[in-house]
Amino acid sequence: MSTRVALVGATGKLGTIIRAVIDELDGFEVAEVLTSQSDLSSIDGCDLVVDASTPAVSMMVIRAAAERGINVLVGTSGWSAERIAQVRSTVDAAGIGVVFIPNFSLGSVIGSALAALAAPFFDSIEIVEAHQHTKIDSPSGTAVRTAELVAAARDAQGPVNAPHVDQRARGQQIASVPIHSLRRPGVIAKQDVILSGAGESLTITHDTVQPAAAYAPGIRLALPFARDARGVVVGLENIIDLGLSAS
Ligand SMILES: NC(=O)C1=CN([C@@H]2O[C@H](COP(=O)(O)OP(=O)(O)OC[C@H]3O[C@@H](n4cnc5c(N)ncnc54)[C@H](OP(=O)(O)O)[C@@H]3O)[C@@H](O)[C@H]2O)C=CC1
Ligand SMILES: O=C(O)C1=N[C@H](C(=O)O)C[C@H](O)C1
C-alpha cells in the first residue's frame, strides 16, 4: 500500500522539487497539497507530513501532525537545537517520529561533517553563507546546524576564538561560531566554513548549483526513513553513513 503524503508548502521552490521526487518514487503518493490558503486539518488521514513551508508555519505543522499521530519530515529551516528542544516532549508524548533535514544535499552534509572533523584543530572558525535575496530567514538552517556540529566537535576545546563579537558586523553567533549571511540575486545556496590556525587556514565550500538535482537524492533517502522514524532525528548524516562521527 502506498504511503499517503501531505505536502505542506507544495507550491514553493522546495515543495515543487519534493513533489516531483514523490511522483517518481514507488510506494509514495502526494495525497494532500497544502499552501498558505490551506487549513492544516487537511493532513487528516495521511501517513506522513512533509513540511517545506516557512519557519513561522513549521512549528504549527509539527503540532498538528502530533495531535493526529502522523510522522513528519521537516525540510523547512529555522530549526536550531534550542527550537527543536521546544517540540521534543510533544513528539515523544505523541509517539511519532519527526525528522529535521536542514539540507537535503549530500555535498552540503558532507561539508558540514568535514567542518566538524576539522573543528578541534582550529580555534578560529567562522561561517559565511549566501542565498538568493528572496530567502526570508537568516542565518540559514544549514549554517546553524554546521555551527552546532562544529561546537559539539569542540567539546574538549571549548568555544571558538571569535574576538569583538559585540560589534554587529561580526555576525550572529550560534554556539560561539560567528555566521555571516549574504542575501543577493544570482546565488542559490553557498556556504564557506573558514577555519584558521597558526600560519594556515582551511576553507570548506559547498555550492548548490542545480537545486532539484542536488536535493533529490537526499529527499529519496529521507522519505522512507521519516515514515518509519520514532522520536526526533536531525540531519541526513543519520541516514547515510559518512564514516565520520559528526551526528
Ligand atoms: N532542507 C533543504 O534542503 C532545503 C530547505 N529549504 C527551506 O524550505 C523552506 C521553503 O523554502 P522555499 O521553497 O524556497 O520557499 P517558497 O517561498 O518558495 O515556498 C514557501 C511555501 O510555503 C507555503 N506556505 C506559506 N505559508 C503557509 C501556511 N501558512 N501554510 C501552509 N503553507 C504555507 C507557500 O504557499 P503559497 O504558494 O500559498 O505562498 C509555499 O508553497 C525554507 O525554510 C527554506 O529555507 C529550501 C531548500 C532546501
Ligand atoms: O532557502 C533556501 O534556499 C535554502 N534553505 C536551507 C537553509 O536555510 O539552510 C537549505 C539550503 O541552504 C537552501
Side-chain angles (χ1 to χ4, degrees), residues 6-21 30 32-43 49-65 72-80 83 98-112 115 127-149 172 174 179 181-193 205-223 225-226 233-240:
L7 180 54
V8 187
T11 46
K13 291 181 284 301
L14 176 61
T16 303
I17 294 170
I18 293 173
R19 189 168 190 180
V21 169
V30 176
E32 289 291 336
V33 294
L34 287 84
T35 70
S36 61
Q37 306 307 309
S38 306
D39 191 310
L40 281 176
S41 64
S42 54
I43 67 174
V49 174
V50 178
D51 179 39
S53 60
T54 70
V57 173
S58 198
M59 178 77 83
M60 292 186 282
V61 173
I62 292 175
R63 294 201 189 285
V72 191
L73 171 59
V74 182
T76 307
S77 53
W79 284 102
S80 60
R83 196 153 174 257
V98 177
V99 177
F100 296 90
I101 303 292
N103 201 311
F104 284 110
S105 144
L106 301 182
S108 168
V109 172
I110 292 166
S112 297
I127 297 174
V128 182
E129 56 97 344
H131 281 79
Q132 55 199 307
H133 57 295
T134 53
K135 182 169 174 63
I136 59 172
D137 60 309
S138 63
S140 72
T142 306
V144 170
R145 176 68 176 160
T146 306
E148 290 171 350
L149 289 171
Q172 179 176 342
I174 301 286
I179 303 178
S181 296
L182 314 183
R183 294 291 174 265
R184 59 188 186 87
V187 64
I188 295 170
K190 187 170 184 223
Q191 175 169 289
D192 295 319
V193 184
T205 299
H206 178 260
D207 209 346
T208 305
V209 182
Q210 291 182 327
Y215 300 140
I219 295 167
R220 275 195 288 272
L221 289 169
L223 282 164
F225 183 88
V233 181
V234 187
L236 210 52
E237 62 271 28
N238 290 290
I239 304 178
I240 52 176

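One-based numbering along the sequence shown. Quick note: numbers below take in every heavy atom, side chains included, and nothing from hydrogens, waters or symmetry partners. As the structure lists them, so they are numbered: ligands from 1, and atoms in each ligand from 1.
For the pair T11/T16, no side-chain contact is recorded, criterion being any heavy-atom separation below 4.5 Å from C-beta on. Side-chain contact between I101 and I239 is present, with heavy atoms from C-beta onward closer than 4.5 Å. Looking only at side-chain heavy atoms (C-beta outward), S108 and T208 stay at 4.5 Å or farther from each other. Between W79 and I62 there is a side-chain heavy-atom pair separated by less than 4.5 Å. For the pair L182 and H131, the minimum side-chain heavy-atom distance is 4.5 Å or more. For the pair N103/L236, no side-chain contact is recorded, criterion being any heavy-atom separation below 4.5 Å from C-beta on. Between L40 and V61 the shortest side-chain heavy-atom distance falls below 4.5 Å. A heavy-atom distance below 4.5 Å is not found between the side chains of Y215 and Q210.
For the pair S38 and ligand 1, no heavy-atom separation below 4.0 Å is found. Using a 4.0 angstrom heavy-atom cutoff, K135 counts as in contact with ligand 1. The shell of residues lying under 4.0 angstrom from ligand 2, judged by heavy atoms, includes Y215.
The nearest heavy-atom contact from the protein to atom 7 (C) of ligand 2 is G141 N, 3.4 Å. With hydrogens left out, the protein atom closest to atom 14 (O) of ligand 1 is K13 CE, 3.2 Å, a heavy atom. The protein heavy atom nearest to atom 3 (O) of ligand 1 is F104 N, 2.7 Å. When hydrogens are left out, the protein atom nearest atom 31 (C) of ligand 1 is T35 O, 2.9 Å; that is the closest non-hydrogen contact. Protein heavy atom closest to atom 5 (C) of ligand 1, with residue, atom name and distance, is G75 O, 3.0 Å. Among protein heavy atoms, atom 19 (O) of ligand 1 sits closest to G12 CA, 3.2 Å. Nearest non-hydrogen protein atom to atom 37 (O) of ligand 1 is T11 OG1, 2.5 Å.
Side-chain contact check for S181 and S138: no donor-acceptor pair (N or O, by modelled atom type) lies under 3.5 Å. Donor-acceptor pairing under 3.5 Å is lacking for the side chains of S80 and E148.
Taking only non-hydrogen atoms, the option from V57, T16, L236, L14 nearest to atom 29 (N) of ligand 1 is V57. The option from S36, G141, A56, P211 that lies nearest to atom 33 (C) of ligand 1, judged by heavy atoms, is S36. Nearest residue to atom 10 (C) of ligand 2 from S105, P102, A189 is P102 (criterion: closest heavy atom). Of the listed residues (G9, S53, S77, A222), the one carrying the non-hydrogen atom nearest atom 43 (O) of ligand 1 is S77. When the heavy-atom distances from atom 2 (C) of ligand 2 to H131, K13, K190 are ranked, the shortest goes to H131.
Counting heavy atoms closer than 4.0 Å to ligand 1, residue P102 contributes backbone atoms (N, CA, C, O) but none from C-beta onward. Only the side chain of V8 comes within 4.0 Å of ligand 1, counting heavy atoms alone; its backbone N, CA, C and O stay farther away. By the criterion of a heavy-atom distance under 4.0 Å, both the backbone and the side chain of T76 are placed next to ligand 1. Within the 4.0 Å heavy-atom criterion, the part of A52 lying near ligand 1 is the backbone and not the side chain.
For the salt bridge (Lys or Arg N to Asp or Glu O under 4.0 Å) with E129, the qualifying choice from R183, R145, K135 is R183, the only one to do so. The residue from I127, T146, V144 that alone fulfils the side chain to side chain contact (heavy atoms under 4.5 Å, CB included) condition with I174 is V144.
For K135, a nitrogen or oxygen atom sits less than 3.5 Å from a nitrogen or oxygen atom of ligand 2, counting backbone and side chain alike. Residue-to-ligand polar distances keep A143 apart from ligand 2: every N/O pair is separated by 3.5 Å or more.
Less than 4.0 angstrom separates some heavy atom of N103 from each of these atoms of ligand 1: 1 (N), 2 (C), 3 (O). Shown in contact with N103 at under 4.0 Å from a heavy atom are these atoms of ligand 2, numbered in order with element: 10 (C), 11 (C), 12 (O). Using a 4.0 Å cut-off to heavy atoms of S77, the atoms of ligand 2 that qualify are 8 (O). Near I101, meaning under 4.0 Å from one of its heavy atoms, ligand 1 places the atoms 1 (N). Those atoms of ligand 2 that come under 4.0 Å of a heavy atom in S140, given as number and element, are 7 (C), 8 (O), 9 (O). Near T142, meaning under 4.0 Å from one of its heavy atoms, ligand 2 places the atoms 7 (C), 9 (O), 10 (C), 12 (O).
Of all heavy-atom pairs between G78 and D137, the closest is N-OD2, 4.3 Å. Closest non-hydrogen pair, L34 versus A6, comes out as CD1-CB, 4.2 Å.
With hydrogens and angles ignored, the 3.5 Å screen pairs a side-chain donor or acceptor of T76 with a backbone N or O of D51.
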Quiz item: So R19 and V33, side-chain contact (heavy atoms from CB on, under 4.5 Å) or not? Walk me through it.
Solution: CA-CA 9 Å; R19 189 168 190 180; V33 294; 3.6 Å; yes
